Amino acid sequence: MSNPDQQSIQAVILRISRGSVTSYGEIAHRAGLPGRARLVGRVLREAGEGVGLPWHRVVRADGRLAFPPGSKAFREQKRRLLAEGVALSGVRVNLVQFGWQRDLDSELWSPDAWN
DNA sequence: GGCGTGACTATAC
DNA sequence: GGTATAGCCACGC
């Protein structure tokens with residue numbers, strides 16, 4: 001532990017709503033570390049399974065998983081996503097439908113907020 | 001300290 | 001749709 005950046009990143013990942021996904025860059029941004037998407041990936045790899053981090057809710061900016069399709073990790077992530085109701089459009093997640101800011105969007109885009 | 005590498009991203013062609 | 005390039009930065013050699 002000890003590293004505050006790593007803590008922030010993990011805290012953000014822990015807050016990802018069940019049934020939604022978020023990109024590395026978005027996590028870094030919300031953790032107060034804009035542009036450090038790679039650091040997020042590093043933290044995730046280091047954390048591994050033990051910490052109980054919902055790593056499967058983290059995908060790349062374009063909706064694809066960070067692993068090569070067909071790899072073991074890929075299948076595992078896909079399986080967990082499907083188990084949470086996150087469908088994959090081919091090899092990628094539909095971010096418009098399952099993106100994390102969906103909750104926030106529903107507020108920002110609600111008819112009340114239009115004027 | 002330089003250099004390659006990587007669970008990344010945005011931009012440009 | 002794809003490839004190239006440039007930022008980004010922790011780590012190991």
Side-chain angles (χ1 to χ4, degrees):
Chain A
M1 3 202 344
S2 63
N3 191 339
D5 294 344
Q6 179 174 331
Q7 259 186 356
S8 304
I9 292 173
Q10 293 191 358
V12 172
I13 297 175
L14 255 359
R15 283 197 187 96
I16 303 176
S17 308
R18 184 154 111 36
S20 52
V21 297
T22 313
S23 72
Y24 292 84
E26 180 64 25
I27 291 172
H29 185 76
R30 282 183 87 107
L33 304 164
R36 317 268 192 312
R38 298 187 105 121
L39 183 57
V40 176
R42 224 201 114 63
V43 170
L44 250 42
R45 179 164 60 83
E46 196 174 312
E49 288 287 321
V51 192
L53 227 50
W55 59 271
H56 54 283
R57 295 179 189 151
V58 185
V59 298
R60 289 171 57 157
D62 57 5
R64 285 179 302 177
L65 309 189
F67 303 104
S71 67
K72 185 172 183 180
F74 179 94
R75 288 195 303 271
E76 175 65 12
Q77 183 171 16
K78 178 177 178 179
R79 190 181 66 76
R80 293 196 185 195
L81 288 176
L82 293 177
E84 289 191 352
V86 178
L88 279 76
S89 310
V91 298
R92 66 166 69 185
V93 174
N94 186 337
L95 290 178
V96 178
Q97 205 174 83
F98 300 107
W100 187 18
Q101 294 193 42
R102 204 153 65 83
D103 299 341
L104 192 57
D105 287 346
S106 62
E107 275 191 56
L108 296 176
W109 285 88
S110 69
D112 307 327
W114 286 1
N115 51 7

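Proteins come first, then strands; the chains are lettered A, B, ... in the order of their sequence lines, and each starts at number 1. Since the model is a prediction, treat every value here as computed from it, not as a measurement.
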With a non-hydrogen cut-off below 4.0 angstrom, is Arg42(A) in contact with a base, only sugar-phosphate, or nothing?
sugar-phosphate

What is the separation between atom CZ on Phe67(A) and atom P on dG6(B), rounded to the nearest whole Å?
14 Å

When the distance from CD of Glu49(A) to C1' of dA7(B) is rounded to whole Å, what number comes out?
13 Å

Send over the distance from Asn3(A) CG to dC11(C) C1', rounded to a whole Å.
13 Å

Check whether any side-chain N or O of Arg36(A) sits under 4.0 Å from OP1 or OP2 of dC9(C), and answer yes or no.
yes

Nearest nucleotide by nearest heavy atom, which residue falls closer to the 5' end of DNA chain C, Gly35(A) or Arg64(A)?
Arg64(A)

Where the side chain of Arg45(A) meets the backbone of Val43(A), is there a donor-acceptor pair that is under 3.5 Å apart?
no

Given dA7(B), dT9(B), dC8(C), the nucleotide with the shortest approach to the side chain of Ser23(A)
dT9(B)

Could you state the atom-to-atom distance from CZ of Arg60(A) to P of dG6(B) in whole Å?
13 Å

Separation of atom CD1 in Ile9(A) from atom C1' in dC9(C), rounded to whole Å:
11 Å

Please determine, for the side chain of Ala37(A), which listed nucleotide (dT9(B), dA7(B), dG7(C)) has the closest atom?
dT9(B)

Nearest-Å distance, CG (Asp62(A)) to C1' (dT9(B))?
10 Å

What's the gap between dA7(B) and dG2(C) when it is taken at their C1' atoms, as a whole Å value?
22 Å

Is there a donor-acceptor contact under 3.5 Å from the side chain of Glu76(A) to the main chain of His56(A)?
no

Measure from CG on Leu53(A) to P on dA7(B) and round the result to the nearest Å.
17 Å

Scanning both residues in full, the closest heavy-atom pair of Arg15(A) with Trp100(A) reads O-CZ2, 3.4 Å

Any carboxylate oxygen within less than 4.0 angstrom of a Lys/Arg side-chain nitrogen, looking at Glu26(A) and Arg57(A)?
no

The answer to which of Pro34(A) and Glu46(A) contacts DNA chain C further toward the 5' end, by nearest nucleotide, is Pro34(A)

Starting from C1' on dA7(B), measure out to CD on Gln10(A) and report it in whole angstrom.
14 Å

Okay, side chain of Arg75(A), backbone of Gly70(A): is any donor-acceptor separation there less than 3.5 Å?
yes

